[in-house]
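Order of listing sets the numbers, starting from 1, for every ligand and every atom in it. Note that these values count all heavy atoms, side chains included, but never hydrogens, waters or copies made by symmetry.
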Amino acid sequence: MSKTDAKELKEKLFNTKKNGWEHLSDEELKNIFQFADEYMYYLNNSKTEKEIVKSSKEILLKNGFIDISERENLKPGDKVFFVNKDRALYSAVIGEDNLEEGLKIVAAHADSPRIDLKQNPLYEDSELGMLKTHYYGGLKKYQWTNIPLSMHGTIVKPDGEKITICIGEKEEDPIFTISDLLPHLAGAQMDRKLKEGVQGEELNILAGSIPYDTEEVTERVKLNILKLLNDKYGIKEIDFTSSEIEFVPAFKAKSLGFDYSMVAGYGQDDKVCCYTALRAMLNIDKPRKTAVCVLIDKEEIGFEGVTGMYSRMFEIFIHELLEKTGNTSVSGLDKTFSNSKAISADVDGAYDPNFAYAFEKNNTSYLGKGMAIVKYTGARGKSGASEAPAEFVAEIRRIFDKANAKYQSCELGRVDKGGGGTIALTLANRGIEVLDVGVPVMGMHSPYEITSKFDIYQAYKGYHEFLKS
Ligand code: MN
Ligand code: MN
């Protein structure tokens with residue numbers, strides 16, 4: 001065999017994971033960078049699940065979707081959405097086929113790891129105002145100290161008045177931070193295991209230092225903070241009882257690298273899939289199967305709760321779609337689910353050259369090589385995995401190839417090094433065929449996660465083709 005024959009044969013037979021940036025047309029490059037700019041704008045305006053739901057709803061409204069409660073009947077081409085308690089958003093474009101013949105679903109999660117306030121947060125220590133917290137999701141606690149944090153959330157009073165708070169995002173706003181110990185005095189701390197380097201009860205937020213101007217009472221810094229909050233929002237300390245306050249990194253999403261090829265930003269797990277899935281819904285007009293996009297809450301803490309993916313609120317939305325398209329049989333919902341297909345749109349851990357030992361090079365995802373197809377997640381012998389059947393993976397490959405949307409086949413890290421789960425299993429349990437497909441992320445669950453602009457655009461193309469075909 002000649003040298004050229006062998007070269008051709010290798011090209012034909014090997015699955016070489018190519019760098020996606022090579023040989024791109026000017027138009028494709030333009031699309032990739034423009035899409036990333038729009039994505040970064042979305043990221044900067046929606047850091048929490050409630051903000052994601054709000055800004056996504058605005059995007060849907062601008063693109064012809066209406067609240068499902070406004071329609072009595074639905075026909076092919078109709079575009080509707082349903083907001084579940086301001087924290088989860090389901091949208092649909094009605095298809096030509098009867099719904100019982102199955103849906104096409106792309107589901108991503110809108111919540112991200114962060115620092116939540118406890119319900120009795122405010123205290124004073126050595127004339128500093130401090131806030132007690134309980135972290136949300138799996139994070140490396142030491143990464144969250146001495147970085148600017150912004151405060152987002154709601155306080156609801158017993159009379160129903162709802163106060164929305166966002167401090168630290170505008171240029172003129174103050175920020176907050178959790179202080180770490182100076183290295184000069186950290187001898188004992190440095191001997192702790194990294195996991196315990198900063199402990200849960202040490203994640204206290206610095207929130208003020210001016211005492212209320214009187215000699216008459218104690219805890220005057222705390223009093224001054226409560227006075228400021230009372231003047232601005234009309235709240236008292238007890239109102240924290242019915243509050244949800246989240247502290248997230250205050251920094252903005254930015255292009256990363258000399259070549260601007262990557263995005264650095266907070267909460268890309270899984271807002272990168274929220275945005276690409278949502279955008280994929282916008283230009284679908286009359287699909288064959290009804291297209292459904294789910295932006296769900298509570299993924300990071302186990303899918304539970306009324307706004308999580310285990311909640312029957314999803315069934316209630318699909319039920320309403322069935323009823324309004326004239327499907328009233330008792331078994332309609334189960335039949336619909338058993339004929340449905342879904343992409344669990346969640347991020348994968350990208351190979352990090354700084355920590356090569358944690359990855360298995362043949363089966364990890366790389367930045368810039370396309371979407372990560374993850375046939376199974378789980379840990380220690382695929383435990384807890386929802387493994388997609390080979391037949392379904394093949395079908396997804398065919399769809400992605402049609403759209404020229406690049407993908408790589410991966411699993412999270414080395415065998416027995418750890419692992420993780422996604423909402424895939426909550427869909428599979430309902431009888432829906434499902435595969436995990438998402439964007440590779442470096443530094444996942446850190447305050448500043450990294451993605452490739454190339455991969456982001458591939459996810460958009462892939463989800464769009466899946467939903468419309
Ligand atoms: Mn995720
Ligand atoms: Mn996560």
Query raised in the report: Does NZ or CZ of Lys140 fall inside the cone over Tyr142's six-membered ring, less than 6.0 Å from its centre and within 45° of the axis?
Result: no
Query - Flag side-chain contact, heavy atom, 4.5 Å: Thr364 against Glu360 - result: no
Query raised in the report: Any N/O/S atom, backbone or side chain, of His109 lying under 2.8 Å from the Mn ion (ligand 2)?
Result: no
Requested in this report: Examine Glu300 and say whether one of its N/O/S atoms is closer to the Mn ion (ligand 1) than 2.8 Å.
Outcome: no
Query raised in the report: Is there an N/O/S atom in Asp346 at a distance below 2.8 Å from the Mn ion (ligand 1)?
Result: yes
Query raised in the report: Between the side chains of Lys271 and Ser112, does any donor sit under 3.5 Å from an acceptor?
Result: yes
Query raised in the report: How about Glu169 and Asn45: does a side-chain donor come under 3.5 Å of a side-chain acceptor?
Result: no
Report summary line: Among the N/O/S atoms of Asp269, the Mn ion (ligand 2) lies closest to OD2
